[in-house]
Amino acid sequence: MGPVADVEADSVDQACAEARPSFKTLAREHLPRLLSLARRMVGGDAEDAVQDCLLKAFRKYDQLEDPEAGGAWLTSILVNCCRDRGRVRSRQPAAIDLEDVEEFSLYRKIALEDPFPYSDSLHLDFLAGFGSEDLREVLLRLPELYRIPLVVVYMDGYLARELADMLQVPLGTVLARLHRGRKLFERTLWEYAEETGLLREGVQR
Amino acid sequence: MIGCHEAVRQLWEYIDGTLDTADHERIDEHLGRCRRCCGELEFAHELRGFLRHGRDASLPEDSLERLYRTLDALEEQEQ
């Protein structure tokens, strides 16, 4: 083989290497994002859930056909690890009243209760009272069945259809959980604000 | 024509674009004549922005460190 062919062979090798990173390279790149996602999906179990995810993903890395999709592939494995952890713990609070929640409107609640009488942007002031730790706490109060869709779709920007594929459930199931999850989320924001005094501190924060 | 109750129930789906055309148009029509539901819609957008921007600012370094070490161990196992 002449020098020209060698150069070509090298560049082909290089192209392949670029197209398929080592598992470690792929996982390192996504690790902070995965940990952040897991913290919102399973709270204190996040590190264990990411460990589960890394071990599983490592074992089946050869099944990843499109390296470009590596991030979504890892997310999908993590989401399932988090769901499985939720199932084992089965800490679905039976006390949550799902009948009432359908009627709840945070927008109306804030307008009616008028927590910051001197504000002319009530609704924004209400949300501004929540730091990222408060938000995480609110999410963790929701049953994991509803929390995972909210986190994956509304925080991380995946489509409902993509989440349905990840969880291998029908799209309608994901849409119904998103709907109910949003309502629960709104009500839990209000309850949390009442309990922790965010409403009193209000605009000062 | 639909009322506020029905419109509010479907607002997020309306924003998501997951409603069928007929339902979407019914909400459009309702929003065109209901100020309060426009407020609901605006707040729904704000809530979504709030969620989207609510990701952790910082991660626990010790957790990350242990996870990076797991990756090192997996790589060694492979070689």
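Every chain is numbered from 1 and lettered A, B, ... according to where its sequence line falls, protein lines coming before strand lines. Both backbone and side-chain heavy atoms feed into the values below; hydrogens, waters and symmetry mates do not.
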Indicate whether any N or O donor in one side chain lies under 3.5 Å from an N or O acceptor in the other, for E75(B) and S22(A).
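Absent: no donor and acceptor within the cut-off.
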Just say parallel, tilted or perpendicular for the rings of F50(B) and F130(A), cut-offs at 30° and 60°.
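F50(B) and F130(A): perpendicular rings.
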Test item: [X] and [Y] side chains (from C-beta on) under 4.5 Å apart, heavy atoms:
{"X": "L175(A)", "Y": "D16(B)", "value": "no"}
{"X": "V8(B)", "Y": "Y107(A)", "value": "no"}
{"X": "L47(B)", "Y": "L189(A)", "value": "yes"}
{"X": "L64(B)", "Y": "E47(A)", "value": "no"}
{"X": "L178(A)", "Y": "W12(B)", "value": "no"}

Nearest heavy atoms of [X] and [Y], plus distance in Å:
{"X": "L71(B)", "Y": "A27(A)", "answer": "CD2-CB, 3.5 Å"}
{"X": "S58(B)", "Y": "R39(A)", "answer": "O-NH2, 4.2 Å"}
{"X": "R9(B)", "Y": "H179(A)", "answer": "O-CE1, 3.0 Å"}
{"X": "L74(B)", "Y": "L54(A)", "answer": "CD1-O, 4.1 Å"}
{"X": "S63(B)", "Y": "L35(A)", "answer": "CB-CD2, 3.9 Å"}

Geometric cation-pi criterion R52(B) and Y154(A), 6.0 Å radius, 45° cone:
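Judged by the rule, R52(B) and Y154(A) form no cation-pi pair.
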To the nearest 0.5 Å, what is the distance between OG (S121(A)) and CD (E46(B))?
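Between S121(A) OG and E46(B) CD, I get 9.0 Å after rounding to 0.5 Å.
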Which distance, rounded to the nearest 0.5 Å, do you find between the CZ of F43(B) and the CZ of R108(A)?
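One finds 12.0 Å between CZ of F43(B) and CZ of R108(A).
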Using non-hydrogen atoms only, which part of [X] is less than 4.5 Å away from chain B: side chain, backbone, both, or neither?
{"X": "L135(A)", "result": "side chain"}
{"X": "L106(A)", "result": "both"}
{"X": "R136(A)", "result": "side chain"}
{"X": "L171(A)", "result": "neither"}
{"X": "V153(A)", "result": "backbone"}

Is T18(B) close to chain A through its backbone or its side chain, or both, or neither, when contacts mean heavy atoms under 4.5 Å?
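Interface part for T18(B): side chain.
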Of the backbone (N, CA, C, O) and the side chain (C-beta and beyond), which part of H53(B) lies under 4.5 Å from a heavy atom of chain A, both, or neither?
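H53(B) has no heavy atom closer than 4.5 Å to chain A.
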In this structure, are over 12 heavy atoms from other groups packed under 6.0 Å from R35(B) atom CZ?
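Not more than 12 within 6.0 Å, no.
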So, are E13(B) and R182(A) salt-bridged, with charged N and O less than 4.0 Å apart?
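Judged by the 4.0 Å cut-off on N to carboxylate O distance, E13(B) and R182(A) do form a salt bridge.
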Could you have a look at S132(A), S36(A), A160(A) and say which one has the most heavy-atom pairs with chain B under 4.5 angstrom?
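Top count of heavy-atom pairs under 4.5 Å with chain B: S36(A).
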